[in-house]
There are 2 protein chains.
Amino acid sequence: MTDHAAAKPLHQKIITDLEGKILSGVWPPGYRIPFEHELTAQYRCARMTVNKALSALAAAGLITRRRRAGSFVAQPPTQSAMLHIPDLATEIREKGAAYGYRLIKRRIVGIEEAPHGLVGTTWLILDAVHFANNRPFAAEARWINLDAVPDATNADFAQTPPGSWLLAQVPWTRAAHEIRALNANAALAKTLAVTKGAACLMVERRTWRMGDAITYVRQIFPGDSYRLTADFSP
Amino acid sequence: MTDHAAAKPLHQKIITDLEGKILSGVWPPGYRIPFEHELTAQYRCARMTVNKALSALAAAGLITRRRRAGSFVAQPPTQSAMLHIPDLATEIREKGAAYGYRLIKRRIVGIEEAPHGLVGTTWLILDAVHFANNRPFAAEARWINLDAVPDATNADFAQTPPGSWLLAQVPWTRAAHEIRALNANAALAKTLAVTKGAACLMVERRTWRMGDAITYVRQIFPGDSYRLTADFSP
DNA sequence: GAGTGGTCTAGACCACAAA
DNA sequence: TTGTGGTCTAGACCACTCC
């Protein structure tokens with residue numbers, strides 16, 4: 001008997017257990033998880049079995065391992081390298097431009113289902129604009145599920161862009177993107193300081209953690225000044 | 001002494017060796033790779049070591065494993081699930097629309113470096129249009145590196161879209177995308193049957209195999225009829 | 001039925017980095 | 001120096017599946 005678990009490989013059970021601790025936040029980034037020999041004792045198994053589980057977690061990027069030091073919960077589940085849509089503030093600064101941000105509107109609504117297919121009872125809705133060198137760079141509409149991220153209620157989104165705040169605070173396990181092109185209408189043209197009808201790139205992103213909706217964001221960029229890039233292997 | 005290799009884990013060497021066979025095409029899709037016990041003999045190591053390597057290849061999707069049957073080179077290194085830009089023909093048909101395709105121009109040029117940052121001495125250049133239900137769906141400009149894919153010289157791209165052909169024929173190891181929005185100029189508007197100035201989505205993709213450039217493609221879609229989607233986990 | 005992969009054990013030695 | 005992870009061994013039993 002490996003455990004009470006039904007026909008599930010032990011190393012898989014270890015992976016599931018540790019993932020739960022990490023993704024739920026019980027073990028925050030930087031936390032030193034038990035040594036292999038401790039887990040060996042806890043699960044009554046050989047070190048190879050524990051090692052297999054930890055190696056898998058390391059390969060998945062959930063933990064980092066250092067000889068003599070131990071294994072640690074990896075730093076922010078940073079934005080995936082797959083689809084390179086980093087935090088706009090970081091991205092703009094990396095290009096050497098001055099980053100600016102202005103919160104346009106903030107409100108909290110109670111609604112069972114956001115009009116984006118995400119489920120949650122209470123939503124924080126933000127409208128904001130990002131600037132690069134004082135020129136509008138992106139118009140952002142953001143929904144944050146306060147059921148999943150209650151701390152967002154007290155965050156100062158007049159100073160901190162919600163994307164930056166969320167990336168630093170909230171681990172996510174799944175993200176879905178939709179990308180399309182649209183012609184700027186009068187209002188959007190004014191916001192982005194482009195001519196009416198200019199082609200814009202619209203990116204929508206829904207993010208989940210363990211099946212719970214975290215956030216929805218719609219960002220619209222002037223088409224001539226922004227390119228999305230994605231670089232990956234099969 | 002595990003081997004003459006210099007400070008490289010044996011299971012890593014096995015992975016590298018097998019990857020080479022698979023990605024180079026020496027072992028085509030469907031090929032049954034040696035059994036674990038055969039590799040054990042070949043590398044003079046324990047089965048666990050071979051198993052570790054094969055498990056990693058399976059996790060990476062390069063091979064599939066079946067009890068009692070053996071391990072097989074996985075079917076086409078199909079388009080990654082990360083950024084869902086499948087073969088347009090497949091995608092259109094999955095939506096229930098009739099797929100059409102027309103080759104506009106075909107030519108071969110000798111040029112050291114394609115104007116897209118890719119290196120190769122001889123390029124096959126194709127211009128084509130994709131149709132869904134007889135309406136233009138995408139304008140495509142395609143460059144194929146004949147050094148890497150000599151068979152493309154004889155392929156009948158008047159019948160088979162180059163994207164479909166390449167996906168079925170050529171394994172790739174890296175792809176880079178750039179996505180932007182643009183207003184249709186007169187020529188593009190005519191090709192896509194949209195009004196001049198309509199917002200369009202432009203996708204550029206460069207693909208490599210083991211460091212060698214395979215293809216560059218630029219596809220332009222009417223912005224109101226196409227959305228790119230990407231769904232992934234960290 | 002026979003042979004494959006899936007999993008696990010109870011050791012071992014080594015490299016490396018932290019103390 | 002010390003203890004961690006990295007790797008490897010030579011077995012073992014089992015489940016599944018193809019013949």
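Just so we're on the same page: letters track the sequence lines, and every chain starts at 1.
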Give each protein N/O atom lying under 3.5 Å from an N/O atom of nucleotides 9-11 of chain C, with the pair distance.
| from | atom 1 | to | atom 2 | distance (Å) |
| --- | --- | --- | --- | --- |
| C:dT9 | OP2 | A:Ala46 | N | 2.7 |
| C:dT9 | OP2 | A:Thr49 | OG1 | 2.7 |

Atom-to-atom span, NE2 of A:His37 to P of D:dG6 - whole angstrom: 14 Å
Rounded distance (Å) that lies between atom C1' of C:dG6 and atom CG of B:Leu54: 12 Å
Short side-chain N/O contact to C:dG5 OP1/OP2 from B:Ser71, under 4.0 Å: yes
side-chain hydrogen bond (donor to acceptor under 3.5 Å, both in side chains) pairs, two or more places apart, involving residues 146-156 of chain A: A:Thr121-A:Asp147
A:Arg67 CZ to C:dC14 P, straight-line distance once rounded to whole Å: 13 Å
A:Arg32 CZ - C:dA19 P separation (whole Å): 11 Å
Rounded interatomic separation in angstrom, taking CG from A:Leu57 and C1' from D:dG5: 14 Å
B:Lys13 with B:Asp17: basic N within carboxylate O range, under 4.0 Å: yes
B:Arg66 side-chain N/O to D:dC18 phosphate OP1/OP2 under 4.0 Å: yes
First encountered from the 5' end of DNA chain D, between A:Arg65 and A:Arg68: A:Arg68
For atom CD of B:Gln12 and atom P of D:dT7, their distance in whole Å: 8 Å
Those residues that, when tested against A:Arg68, pass side chain to side chain donor-acceptor pair (under 3.5 Å) (two or more places apart): none
Whole-Å distance separating the NZ atom of B:Lys52 from the P atom of D:dC8: 7 Å
Partners passing side chain to side chain contact (heavy atoms under 4.5 Å, CB included) against B:Arg218 (at least two apart in sequence or in another chain): B:Ala141, B:Met202, B:Glu204, B:Tyr216, B:Ile220
Set of side chain to side chain contact (heavy atoms under 4.5 Å, CB included) partners for B:Phe35, sequence neighbours left out: B:Arg32, B:His37, B:Glu38
5' precedence on DNA chain C between A:His11 and A:Ala69 (nearest-nucleotide basis): A:His11
Integer-rounded Å distance: C:dA12 P and A:Asn51 CG: 17 Å
Whether A:Phe157 and A:Trp165 hold their rings parallel, tilted or perpendicular, with breakpoints at 30° and 60°: perpendicular
Side chain to side chain contact (heavy atoms under 4.5 Å, CB included) involving A:Arg102 - partner list, sequence neighbours excluded: A:Ile104, A:Phe131
